[in-house]
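This structure is a prediction, so every number in the text was calculated from the model and none was measured. Chain naming here is simple, since letters A, B, ... match the order of the sequence lines and numbering starts at 1 in each.
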Number of protein chains: 4
Amino acid sequence: MAVGRSTARSAAGRTDAGRGGAGRGAAGRGAAGRGAAGSVQARIVAAAVGLFSEQGFDATSVQEIVERAEVTKGAMYHYYRSKDDLLYEIYHALISTQLTDLDRILAAGRPLPDAIRAIVVDLVETTAARLEETAVFARESHRLAGDRMAALRADRRRYHEAVRDLVVRGQKDGVFAASASAETVTLIVFGIVNQLPQWYRPDGEKSPRQLGDEIADFVLAGLAG
Amino acid sequence: MAVGRSTARSAAGRTDAGRGGAGRGAAGRGAAGRGAAGSVQARIVAAAVGLFSEQGFDATSVQEIVERAEVTKGAMYHYYRSKDDLLYEIYHALISTQLTDLDRILAAGRPLPDAIRAIVVDLVETTAARLEETAVFARESHRLAGDRMAALRADRRRYHEAVRDLVVRGQKDGVFAASASAETVTLIVFGIVNQLPQWYRPDGEKSPRQLGDEIADFVLAGLAG
Amino acid sequence: MAVGRSTARSAAGRTDAGRGGAGRGAAGRGAAGRGAAGSVQARIVAAAVGLFSEQGFDATSVQEIVERAEVTKGAMYHYYRSKDDLLYEIYHALISTQLTDLDRILAAGRPLPDAIRAIVVDLVETTAARLEETAVFARESHRLAGDRMAALRADRRRYHEAVRDLVVRGQKDGVFAASASAETVTLIVFGIVNQLPQWYRPDGEKSPRQLGDEIADFVLAGLAG
Amino acid sequence: MAVGRSTARSAAGRTDAGRGGAGRGAAGRGAAGRGAAGSVQARIVAAAVGLFSEQGFDATSVQEIVERAEVTKGAMYHYYRSKDDLLYEIYHALISTQLTDLDRILAAGRPLPDAIRAIVVDLVETTAARLEETAVFARESHRLAGDRMAALRADRRRYHEAVRDLVVRGQKDGVFAASASAETVTLIVFGIVNQLPQWYRPDGEKSPRQLGDEIADFVLAGLAG
DNA sequence: AATGAATGAGTATTCATTCAT
DNA sequence: GATGAATGAATACTCATTCAT
């Protein structure tokens, strides 16, 4: 759904509101006539996420994307200006969700260790729910360079600094040990999350919640020194 | 030097050994005639590592590699069968070094926490010394899939299992807490190392040794529970 | 106005006449709602002329035309069958005006040198007033080849032959020298006019009238031998 | 031949000297195996000139060029960086020849009317010999805009100014009348030449020399006032 | 040991146009 | 009268690789 919202930015103006509601259950001839579900935009983004995560951005051709999405190339370029634009949508959707969660957790004003645990668990859970997006993001993060991506870089930095500040406060208050610098610990935490798609398997025995707790245990124990 | 050894493996059949000992003397001429230092092979691999780490494997053209290496395309294909072959060399050189170090550390038979620390510090140090190789490795690891890369996959798994076994033994002996599973902890450790190229800057204030100790502190504290 | 008349000819069947007289009043609404002046058709043709003259026909996309005209693509295809159709309108409007002027001049029955001067001055003046149209015409004249353009080719030939006949008569009467053939002189005159858009600048110091006289002086001196 | 020389600029280094001479009569397997004559570069340029003059630069696809040249697309891009590069070569070859001729004529130091006649005749003759190149040049001259073309713009301006200066001197000396400005006359002369490809037919009854003299007669008569 | 010409399949993107609404 | 989604063929250009020399 967040995807739908964000794609509207590059689509010619038609938002989800214009589609989903009542009275228009058929969602257009095109969608109904295809095997795949969802709007044209959603199908394109889903196909792109899947392929980018499997093969990498450069190794994925636009041809492959439109074939998997069962859409013509022209249709794709009707909604997205370029292949890069598609990547932007993917990044944007992922970061937006996580930032919203972060703000909610910070607003709750819990004790530091609880806040850290909540953040780690949320990161692990949202990442587990969006393994492919995270894989793409981690692998192609150098593409955040252009002007287009400036807002996303800022979002990412805000998340990073929020976590680091929590660690700093904990070290000042004596709740956390200072053996490792707050910056290093923060980088470690994001490093762990970014690597998750490399090894976490959703069909494994551990639930995302369990894994999140396990990682939070480890991180908090490390912070306790 | 390790690079030199490994490239012989992939030379298209006309390896040094195949040419007979006599021709050896001429090898230096090409290198001396160019502005850059090192043998032709070394220059090619160095150029490839640099470009792969900056732009990714797919985004790097053979043309770019030979231009940076100041070598003709024909020359490159004289030494390497393909662009993939170049990637193999890079992986091989990195894994070989780290496995050799691992064996040395294990052979020393130190107490478990010391061994873990030694491994983490060594990984951080060798990674800091080969940031680009590690960046390539982490990013393009899915390319280990083919037959060609089977040996490398096995090496990597051996390293992984050695570390996990140390953790398991520590948990059995009660030296380490069991709150996080040995497998998860191991994956976390390699995750941290693989992410290092994303944020470690060699010109920063921390030496690799310091950083290695800091990370080892964190990991051991996490293991201590 | 000439444009307005001619476009009716190419409208896809739903011309004003076809719609019935009643609907006429609404025609102004669209124009008033936009920033640009003029009817939708006039805006489209003006945009096309400008772009074709700046970039050439092939280098101009329909998208660019409708953007400059502040019109949707669908609207454009409502009025014009194709991009070629637009070119036809431009040619048609230009040639019609000039042929009308020619007939007026010929009908006046002045002495030969005066008639030649009047024609040259008129050509220079109407060309200066429609520099862009002339630029398009001169550059894309090979597109007059198709069936569609047959009438325009005939018009052009009539103009050419009228001028040549004047020269022939002058040479027979001894008013003009015969050093250069009448055909060559005629081609030279049209060549000069067709090239005008390449160098005549409306904001320069010479008025079209002055320039026309200067060129007529030159041509008549050449004819005088 | 001039074409061959100029293309060497963008070819990888192999000049005509490396081909044409003795001992290599076969001119390479590729050339001998094809129906068309000449080196790969010459065939490509010839095909491009022909198509550009027939259809225009934009209307001509690279595919068409390589098909007519009986060359693969890759081969074309081996020798020319882009389609624009091809245009540059065509312009360059044409302008170079004409400038060389101009310098020879100016160096002869003949009386003004004779010099003007020599220039006009030479322009008409070289243009008649390179009708297609001139057609392309006249039609696509707006492409001289980019940085790449700066040298060509300068050459063209030099030619223009040389002719204008001759006219100015003639007017000062009283050899030529001043009814039309020197600048206008110069523009007229080049206008006539640029338009030549539109109507001159090499299979017609007039030889280039005859036509050149006829045009020179007309121009000199115009100048005499 | 090394060159550079040549290949041909593949790339992302743009195009004029159609059509249901 | 006008919209905008959708098409599919065409575009210029790049690629890793081969091969005769």
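- Following rounding to the nearest Å, R143(C) (CZ) and dA16(E) (C1') show an atom-to-atom distance of 13 Å.
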Q: Just do the side chain to side chain contact (heavy atoms under 4.5 Å, CB included) check on Q55(D) and E64(D) with the steps written out, would you?
A: CA-CA 11 Å; Q55(D) 312 173 326; E64(D) 288 174 295; 3.4 Å; yes
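- Positionally, the nearest nucleotide of DNA chain F for G74(C) lies more toward the 5' end than for the other of G74(C) and S82(B).
- Side chain of K83(D) to backbone of T60(D): a donor-acceptor contact under 3.5 angstrom is found.
- For the pair Q63(B) CD and dA16(F) P, the interatomic distance rounds to 9 Å; values are reported in whole Å.
- Among all heavy-atom pairs drawn from R143(D) and M149(D), the shortest one is O-CG, 3.5 Å.
- Between H78(A) and dA5(F), a side-chain N or O to OP1/OP2 separation shorter than 4.0 Å is present.
- Comparing M76(D) and F57(B), the nucleotide of DNA chain F nearest to each residue sits closer to the 5' end for M76(D).
- Distance from the side chain of T72(C) is smallest to dG4(F) among dA12(F), dG4(F), dA16(E).
- Nearest nucleotide to the side chain of A75(D), out of dA12(E), dT7(E), dT17(F): dT7(E).
- Checked against dT17(F), dA6(E), dT13(E), the side chain of V40(D) finds its nearest nucleotide in dA6(E).
- The list of ring-ring contact (aromatic ring centres under 6.0 Å, His included) pairs with a residue in residues 53-77 of chain D, not counting sequence neighbours, reads F52(D)-F57(D).
- Remark: D58(B) does not engage R139(B) in a salt bridge, criterion side-chain N to carboxylate O under 4.0 Å.
- Rounded to a whole Å, the CD atom of E70(A) is 12 Å from the P atom of dT7(F).
- Of the two residues contacting DNA chain E, namely S61(C) and A59(A), the nearest-nucleotide position lying further toward the 5' end is that of A59(A).
- The CG-P distance, from D85(D) to dT14(F), rounds to 12 Å in whole Å.
- Contact annotation: Y77(D) side-chain N/O to dT14(F) OP1/OP2 distance is not under 4.0 Å.
- Toward the 5′ end of DNA chain E lies the nearest nucleotide of V62(A), the other residue of the pair V62(A) and E64(C) mapping further downstream.
- The backbone N or O of E70(C) lies less than 3.5 Å from a partner atom in the side chain of R43(C), making a donor-acceptor pair.
- Atom NZ in K73(C) sits roughly 14 Å away from atom P in dT7(F) (whole-Å rounding).
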Q. Pairs counted as Watson-Crick or G-U wobble with both distances under 3.5 Å: what dot-bracket string results for DNA chain F, using | for bases tied to another strand?
A. .||||||||||||||||||||
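- Heavy atoms only, all atoms of each residue included: A48(C) and L86(C) are closest at CB-CG, 3.9 Å.
- One finds no side-chain N or O of Y79(D) lying less than 4.0 angstrom from the OP1 or OP2 phosphate oxygen of dG4(E).
- In this structure, the CD atom of Q55(D) is 14 Å from the C1' atom of dT11(F), given to the nearest Å.
- With sequence neighbours excluded, the residues satisfying salt bridge (Lys or Arg N to Asp or Glu O under 4.0 Å) with E54(C) are R68(C).
- Distance, R81(A) CZ to dA12(E) C1': 16 Å, rounded to whole Å.
- Rounded to an integer number of Å, the gap from CG of L86(B) to P of dT17(F) is 10 Å.
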